[in-house]
Amino acid sequence: MARPRRRNTEIGDGFTEIFNREIGFSHPITISRRISASEGIVKKLDLYGKLNGHEGCVNAVEFNSTGDVLVSGSDDRQIMLWNWLSGSRTLSYPSGHCENVFQTKFIPFTDDRTIITSGADGQVRLGQILENGKVETKRLGRHHGRVYKLAVLPGDPNVFYSCGEDGFVQHFDIRSNSATMVLYSSPFTQGCRRHHSSSRIRLNSIAIDPRNSYYLAVGGSDEYARVYDTRRGQLAPVCRHVLPDAPVNTFCPRHLRETNSVHITGLAYSKAGELLVSYNDELIYLFEKNMGYGPSPVSISPEKLQEMEEPQVYTGHRNAQTVKGVNFFGPNDEYVTSGSDCGHIFIWKKKGGKLVRAMVGDRRVVNQLESHPHIPLLASCGIEKSVKLWTPMSNDVLSLPEKIEKVMELNRVGREDQSRVTLTPDVIMHVLRLQRRQTSAFTERRYVSTDIGSDEGNDAHFIANLVDNDEESSERECIVS
């Protein structure tokens, strides 16, 4: 005898909400938001369609403010505008970038005619759609290194920020012809409140706090997400010989502090001001404002550290092969979303970290997920040449895939294996020889003023190549943000 089907509480609650609206107990906007945020709606998400047209990996997607137009950027260096509902491309133009496009964004209050882009060539560019349908593009500024992310000042039709691998955050006003340097990020020095000025943090991501637009967070080549107050920045022409700026707050999971083995690929602020941070080959963490270490994380006492609350963590995905973003989903950011190296889209409940939906979004890697501003719809992109759209169109409330536990376990094992760095005997001998020669050279310099032989430079170059090998190889990959 067949078992009676259990009533789905999420769907039942949805009918209750509709009934309450009909008799006047709920406002129509309230009911719409509650249904959009329900777990039953998320579990109905399924593939709505694909937007085909790019000739390379699609690295960036964004909806306009009304949600009827989507813009995308790709390795093919083309910018495309789409009517996603009909699946038609409404405009395509060459970005002017010399390499992969990593970010595309609409400037608000410009009737969707002003688009900013950034890419692997370090350029930050502006595209202006004219009345006759043609597009004029120009370079607004440039970083020394790749520029993965841009951040538009909320409600401002002129101002936005970029972050680059050169460690700079640049401020742009499209009414002017030049960028100004606002901030410079440098690693923290152990046991000291000052920064180490001889190196930089290669920045991968930037986000503006929606509750305080003067605060922006950046993340890059170390374990700390830094929050800066732009009012304290240096509004001066961009110059490489500047002092690093001190953040107003820093965030990092306790177990990752001073590990020097992870870096940040993605950041996002929730509407409530929570900071979501995604780490390369680690996990995703959600920080509330009271979880910060302040401007100097290395000076916190062990006692104070133990008293601090730990962030919410989201597990199951893997973020190793590319520079992945991270995002929220739902009318009030009730869910957290991320792509994965396994080709899946992961959706967790923000509160508690429960995995509620996992969908195959790419044959190889999913990198970017963007939420529609008004309805429960997701756009995704990755290594494939298309943009995929996901809506709650399934007739069934879908459970997690049968093999997702195995996929998650493979992701975990791969992550842990990657964290174990193995040095070959040849590499170890090179390091030891370099150390001996540097010690000998230091002793020589103390007593005689002679040049040190060129062998040290050769070994130093060898070690530098080991350190930079990952950067060099990543330039040959399809790296998306």
Side-chain angles (χ1 to χ4, degrees), residues 51-84 86 88-164 168-182 206 208 237-238 368 370 373 379 381 385 387 480-481:
L51 304 177
N52 296 304
H54 282 292
E55 296 299 325
C57 307
V58 182
N59 304 329
V61 289
E62 189 190 58
F63 292 99
N64 65 347
S65 60
T66 57
D68 58 330
V69 178
L70 183 142
V71 62
S72 60
S74 165
D75 285 1
D76 62 11
R77 305 189 295 278
Q78 292 288 310
I79 306 301
M80 296 186 181
L81 274 66
W82 308 84
N83 179 329
W84 65 265
S86 65
S88 61
R89 183 174 59 193
T90 59
L91 180 67
S92 177
Y93 69 89
S95 64
H97 287 279
C98 303
E99 298 183 50
N100 310 17
V101 174
F102 286 151
Q103 180 80 93
T104 57
K105 278 188 171 295
F106 289 106
I107 292 290
F109 306 114
T110 62
D111 197 26
D112 304 328
R113 291 183 175 274
T114 305
I115 299 169
I116 53 173
T117 62
S118 65
D121 56 4
Q123 291 191 71
V124 177
R125 298 188 63 87
L126 176 75
Q128 192 70 47
I129 304 174
L130 306 179
E131 291 294 336
N132 59 9
K134 295 183 179 180
V135 182
E136 291 183 352
T137 66
K138 66 177 180 179
R139 191 180 84 179
L140 295 179
R142 188 167 191 171
H143 287 261
H144 293 277
R146 291 165 285 199
V147 181
Y148 291 108
K149 289 293 182 180
L150 305 169
V152 176
L153 193 64
D156 195 306
N158 299 299
V159 176
F160 69 96
Y161 297 88
S162 66
C163 68
F168 284 101
V169 173
Q170 292 189 28
H171 167 278
F172 291 90
D173 188 322
I174 61 175
R175 293 167 294 189
S176 65
N177 294 320
S178 61
T180 54
M181 191 282 297
V182 178
I206 184 171
I208 296 176
V238 177
Q368 180 80 358
E370 188 71 22
C381 61
K385 300 177 182 179
V387 177
V480 284
S481 50

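This structure is a prediction, so every number in the text was calculated from the model and none was measured. As a basis for the values below, the full set of heavy atoms in this structure was taken, side chains included, without hydrogen atoms, waters or symmetry mates.
To the nearest 0.5 angstrom, Glu55 atom CD is 11.5 Å from Asp75 atom CG. Distance CG/Leu70 to CD/Glu370: 8.0 Å, rounded to 0.5 Å. Going from atom NE2 of His97 over to atom OG of Ser118 covers 6.0 Å, rounded to the nearest 0.5 Å. Atom NZ of Lys149 sits about 4.5 Å away from atom CD of Gln103, to the nearest 0.5 Å. Atom CZ of residue Arg77 and atom SG of residue Cys98 lie 7.5 Å apart, to the nearest 0.5 angstrom. Taking CG of Asn83 as the reference point, atom OG1 of Thr90 lies at 7.0 Å (rounded to 0.5 Å).
The minimum heavy-atom distance linking Val152 with Pro108 is given by the pair CG1-CD, 3.5 Å. Ala179 and Gln170 make their closest contact through CB-OE1, 3.2 Å (heavy atoms, listed as atom of the first residue, atom of the second, distance). Heavy atoms only, all atoms of each residue included: Ser65 and Pro373 are closest at O-CG, 3.6 Å. What you find for Ser72 and Val58 is that their closest heavy atoms are CB-CG1, 4.2 Å. In terms of heavy atoms, Val387 sits closest to Ala379 at CG1-CB, 4.3 Å. Summarising the geometry of Trp84 relative to Asp68, their closest heavy-atom pair is CD1-O, 3.7 Å, with the distance given to 0.1 Å.
For Arg139, there are no salt bridge (charged side-chain N to carboxylate O under 4.0 Å, His left out) partners two or more places apart in sequence or in a different chain. Every residue two or more places apart in sequence or in another chain that forms a side-chain contact (heavy atoms from CB on, under 4.5 Å) with Arg89 is listed here: Met80, Trp82, Ser92. Lys105 meets the salt bridge (charged side-chain N to carboxylate O under 4.0 Å, His left out) test with Glu62; sequence neighbours excluded. Residues passing the side-chain contact (heavy atoms from CB on, under 4.5 Å) test with Ala151, sequence neighbours excluded: Ile206, Ile208. Every salt bridge (charged side-chain N to carboxylate O under 4.0 Å, His left out) that Glu131 has, sequence neighbours left out, goes to Arg113.
Classified by interplanar angle (parallel below 30°, tilted 30° to 60°, perpendicular above 60°), the ring pair Phe102/Tyr148 is parallel.
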Query raised in the report: side-chain hydrogen bond (donor to acceptor under 3.5 Å, both in side chains) between Gln78 and Asp76: does it pass, once the steps are laid out?
Result: CA-CA 5 Å; Gln78 292 288 310; Asp76 62 11; 5.9 Å; no

Query - Criterion side chain to side chain contact (heavy atoms under 4.5 Å, CB included) on Ile115 and Tyr93, from CA distance to verdict - result: CA-CA 11 Å; Ile115 299 169; Tyr93 69 89; 3.7 Å; yes

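For Glu99, the CD atom counts as densely surrounded, since its 6.0 Å shell holds more than 12 non-hydrogen atoms of other residues, nucleotides or ligands.
Side-chain contact between Phe63 and Phe106 is absent, with no heavy-atom pair separated by less than 4.5 Å. Between Leu150 and Val124, the closest side-chain pair of non-hydrogen atoms falls below 4.5 Å. Using a 4.5 Å cut-off on side-chain heavy atoms (C-beta onward), Ile129 and Leu91 make contact. Between Ile107 and Ile116 the shortest side-chain heavy-atom distance falls below 4.5 Å. Contact annotation: the side chain of Val71 approaches that of Ile79 to within less than 4.5 Å [non-hydrogen atoms, C-beta and beyond].
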Distance-only criterion, 3.5 Å: show the donor-acceptor pairs between side-chain atoms of residues 154-163 and protein atoms not counting sequence neighbours.
unit_1	atom_1	unit_2	atom_2	d
Asp156	OD1	Asn158	N	2.7
Asp156	OD1	Val159	N	3.1
Ser162	OG	His143	NE2	2.7

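Between Leu140 and the options Thr117, Asp173, Leu126, a side chain to side chain contact (heavy atoms under 4.5 Å, CB included) holds for only Leu126.
For Ser74 (side chain) and Gly56 (main-chain N/O), a donor-acceptor pair under 3.5 Å exists by modelled atom type.
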